[in-house]
Amino acid sequence: MSNKVRVRFCPSPTGDPHVGMVRTALFNWAFAKHNKGTFVFRIEDTDAARDSEESYKVLLDSMRWLGLNWDEGPEVGGPFGPYRQSERMDIYKDVAKKLHEKGFAYHCYCTQDEVEERRKAQKEKGQTPGYDAHCRELTDKQVSDFKALGREPVLRFRMPSKTITWNDLVRGELSFEHEHIPDYVLVRANGDPLYTLVNPTDDALMEITHVLRGEDLLSSTPRQIALYEAFKQIGVGQGITPEFGHLPYVMGEGNKKLSKRDPESSLLMYRREGFLPEGLLNYLALLGWSFGDDIEFFSMKEMADNFEISRVSANPARFDIKKCTAINADWIRKLSVEELANRMEKQLIEVGVLPNSPSKEQKDLLLAATPLVHERLETLSQVPGMLSFLFVEEKDFVVDHEDAEKSLTHDILPALEASVKIIKELPEFKTEKLHDELNRVLVTEMGLKARIVFTALRVAVTGRRVSPPLFESMEIMGREKVISRIEKHLKK
Ligand code: GLU
Ligand code: ZN
């Protein structure tokens, strides 16, 4: 492919970003990288009633968090800006005017009710329902009568009477018959331009060569292809009709389309839950695309290097949160200890376990604890539960109530007393020594069950029955803290 590939990701800033949207962004990004092209990020914010500034900010922040960097777009700029449609209204006005003047679009004075009524009648007669071209050829008299009634017209595109065919990059050759595509509205009666106009206008002006988007937009494509033909006649853009590829649906629970409202579709949820961007993107890449050779674990660079559009499938993809989590866990295991410690630090700061700028001592402690959890983490949100006991101040240290009731029973107190004595007298406060000596006295000499007595110690020292390995944890906590926690319990 030539080095002129230009693709775009063009969401509307309504609500929170969802995974379907991220998948679209990712495939466009990878396609651009693979073909050494340009990844354009455009904001489709022409619907003032639904778009919000908050949503816009979250979008940009999310794209940055994911590492899906754009070559042109908001805050980055580029030769085809501005990249927010709300700042391009004059352009759309001008294009609409030209389409009207040259006869590619016409004023339609029908009210919603009238259109609806005629649609019903069509259905009853067994015809395909749709706008019936009522206003295509109005006389001057009809127009002035409508105006006298105070009606404002919408602008409708005049669909050419022919079959529209294209070779979809994902689905192969597709055709739409003329009678299934009625003349459609480009501009509302109040002058607001619609998606039907602004999206292809910008794709033409921004010289987009490939449109990769969800299958839900399939029915827009024949309309847009017809519009590009008109653009060529009136000189909007460089006469390019982009190639189209429609990405398969993403299915959720019960084989229903994953909806924006499903909790597992919210990008912010994954961020909150401590997924790594690498892990989430790796998983989303598999929704409709395959690396080949059954490889399911790869970096975004590897994805981009291998992103052949021919390996995007037309079959619906199934979203599986378990698999997503497993891939994330793989990604965590792949991080170096230092890198994981870094990411855990951010997570611990976010939930307030660590202060905004942790001390050298806290950082060292975290680094020492990282290998203890490295293999067992699935998401970073598990970190506070596993490691808070290392960082809480002694006065704030509490033992989980239920765990204490189960494990810190009355008959275990002599074992705890013996443990304090051993720990105090141990010449070297090291994992192995702790293990050997506690085991020798408590299990061999006193005849206690290892599982029971060490769980009790674990709860007394870490506050929970489930924690990183006990003796390693003790070692990095240090002798004093360990003794003080067990004694604190004995005093109760
Ligand atoms: N703003 C549209 C959307 O988010 C873009 C669709 C397209 O890619 O053409 O659905
Ligand atoms: Zn009409």
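Just so it is clear, the values below take in all heavy atoms, side chains as well, and ignore hydrogens, waters and symmetry mates. Ligands are counted one by one from 1 in listed order, and the atoms in each one are counted from 1 as well.
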Between [X] and [Y], is the ring centre distance below 6.0 Å?
X	Y	value
His100	Tyr106	no
Phe298	Trp289	yes
Phe307	Phe27	yes
Phe297	Trp331	yes

Exercise. Taking the Zn ion (ligand 2) as the centre, count the protein N/O/S atoms lying under 2.8 Å from it.
Key: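 Step by step: take the Zn ion (ligand 2), keep protein N, O, S below 2.8 Å, and you get 4.
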Quiz item: Does Glu173 have any salt bridge (Lys or Arg N to Asp or Glu O under 4.0 Å) partners at least two apart in sequence or in another chain, and if so, which?
Solution: none
Quiz item: Can you check whether Ile181's main-chain N or O pairs, donor with acceptor, with Tyr184's side chain at less than 3.5 Å?
Solution: no
Quiz prompt | Neighbour count >12 (heavy atoms, 6.0 Å) for atom CZ, Arg50 | solution = no
Quiz prompt | With Phe9 via ring-ring contact (aromatic ring centres under 6.0 Å, His included) - residues at least two apart | solution = Phe41
Self-check item: SB check Asp132 Arg118 (cutoff 4.0 Å)
Solution: yes
Quiz item: Near ligand 1, which residues have a heavy atom under 4.0 Å away from one of its atoms?
Solution: Arg8, Cys10, Pro11, Ser12, Glu44, Tyr195, Asn199, Arg213, Leu217
